[in-house]
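Reading through the C-alpha cells given below for one structure.
Numbers for residues simply follow the sequence, beginning at 1. Whatever order the structure lists ligands and atoms in, that order sets their numbers, starting from 1.
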Amino acid sequence: MDKNKIAVRYGMDMQQMVLDLMRYADIKSELHDGMKIALKPNLVVAKEPSSGATTHTEILEGVLMYLKESGDYDVTIMEGSWVGDSTRRAFRVCGYDTLAEKYGAKLLDLKKDSFHIYKGYRVCDAPMQADYLINLPVLKGHCQTTMTCALKNMKGTLPDTEKRRFHAEGLHVPIATLGTIIKPNVTIVDGICGDLDFEEGGNPIPMNRILLGFDSVLIDTCVCHMMGIDTDEVPYIGLAAKFGAGSMDFRDDTLIELNDASNAGRLPLLSRKAKQLARYTDEREACSACYGSLIHALNRLDEMGRLGWLDEKICIGQGFRGVEGCPLGVGNCTAGCKSSLRGCPPRADQIMEFLMEHMG
Ligand code: SF4
C-alpha cells in the first residue's frame, strides 16, 4: 500500500476490519521473526471503550490475530495512562490482561519504564527500542486541542513528569516535536465510537470505521476532515508538518475505501449530547458512518453558534431512498431531496459547508 494513502474499512466486526486492513496493507512484508513489536493503544483512563475514551479490545485482538498468523514476534502492549489514573487498572477494565495472556503478549505500564532525553524531552525506552511500533489511537474530540488521534496518542509514551510539562508548555509544540522523535511504523485508528468533545469519554458518537495509515500527520489531517475541524484549530498538526513529522497533503484520492459504508451497520446514539443534536435531523435507517459525520458537523455548527440558523430538519438515511421533495438531505440516499449532499458517507467538513450554504 502506498505510504501516502489511508485505508478505511466501515463496519462493526472490528477484528475482521483490522484483519482486512492489515492484510490489504501487507504489513507482514515489513516484519520478520523475532522482531520486538510494540502496540500502543489509547488507555488514557480506566474506562471501557464504549465510553468513547479507549481503544476497543476487539481492535487490539484483531492486531494480535494478524501478528499470530504472520510470524513469530516478541509483542508488548504498552501504555501510560494520564496522570492520576492507573495503567494497570485500565488494562484490566478494558480486558487487555486477558487478551495478552491468550496471545502470549506482554503488558507494560510505561509509567514504570526507564527513559532517555530526545530533543529536550524525556521519552520512555520501550517504545523507542521497539523494532516496529503500531499506534492504536482513538478518533475523538479534546477539550484543549479540539481533537486527538495519531500524534497526540504518543503522549502516552512519556513519563508522568513529562506529561505535566507538555501541558505547562501548551501541548502544541511538544506534541509536534514528539511527532519527530517517535514515528510509529503504522497507525490503526479506532473510529468506532470516539467521544465528541473529551478525551476521557462520555459522549461516544458511532462512526463505525477503522483507518490504517503510515503518516501520523496525514492521518490527523484526514481525521480533522472527518470531524469537521479546520486543521488551523489544531496547531500541533501544522507544526508537526513544519518540523518534518509528516505531510498534511490530504486529497480526495488519499482515502482508499475497502468496502461500502452502507454495510457499516448501525449503533444507537449513545449520549445525551448526541441526542440533543439529533433533534435537527430526520433520520430513517441511517448508517452510523453517515449519521456520525452529521452529528460531528452539527456539533461544530453548535460551537460556532450557527445551529439555530437551520430552518429545516436534515434528512438522512437509507429510508429516504426514492423519497422525493424533502427540502434538505445528506448522503446519496437523499438524492430525491430538493437539495442533497452527495457522498456515501459524506465527511463532516463537507456537511458543514453544505449546511452553511443553506442557512438563512
Ligand atoms: S448515504 Fe445512505 S447508504 Fe451511504 S452511508 Fe449514508 S445512509 Fe448509509
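Salt bridge status for Lys106 with Asp74: present, with a side-chain N to carboxylate O gap under 4.0 Å. Salt-bridge check for Asp253 with Lys5: passed, with a basic side-chain N closer than 4.0 Å to an acidic carboxylate O.
Inter-residue side-chain proximity for Leu341 and Leu355 is flagged as unmet; no heavy-atom pair is nearer than 4.5 Å. Proximity of Asp113 to Phe115: side-chain heavy atoms (C-beta onward) are nowhere separated by under 4.5 Å.
Every atom of ligand 1 is numbered from 1 in the order shown, and the set under 4.0 Å from a heavy atom of Gly331 is 1 (S). With ligand atoms numbered from 1 in the order given, ligand 1 contributes 7 (S) to contacts under 4.0 Å with heavy atoms of Gly317. Set against the non-hydrogen atoms of Ser262, the atoms of ligand 1 under 4.0 Å away are 3 (S). Ligand 1 places these atoms under 4.0 Å from at least one heavy atom of Gly343: 1 (S).
Of the residues listed (Leu294, Asn299, Ile205), the one engaging Leu277 in a side-chain contact (heavy atoms from CB on, under 4.5 Å) is Asn299, and it is the only one.
Under the 3.5 Å distance criterion, with hydrogens and angles disregarded, a donor-acceptor pair is assigned to the side chains of Tyr132 and Glu30. Thr157 and Lys40 share no side-chain donor-acceptor pair at under 3.5 Å.
Considering only non-hydrogen atoms, atom 5 (S) of ligand 1 lies nearest to Cys290 out of Ala289, Cys333, Ser340, Cys290.
Nearest protein heavy-atom neighbour of atom 1 (S) of ligand 1: Asn332 N, 3.3 Å. Nearest protein neighbour of atom 4 (Fe) of ligand 1, counting heavy atoms only, is Cys344 SG, 2.4 Å.
Contact annotation: for Arg321 versus ligand 1, heavy atoms closer than 4.0 Å belong to the side chain alone.
Atom 4 (Fe) of ligand 1 has no N, O or S atom of Cys287 under 2.8 Å away, backbone or side chain.
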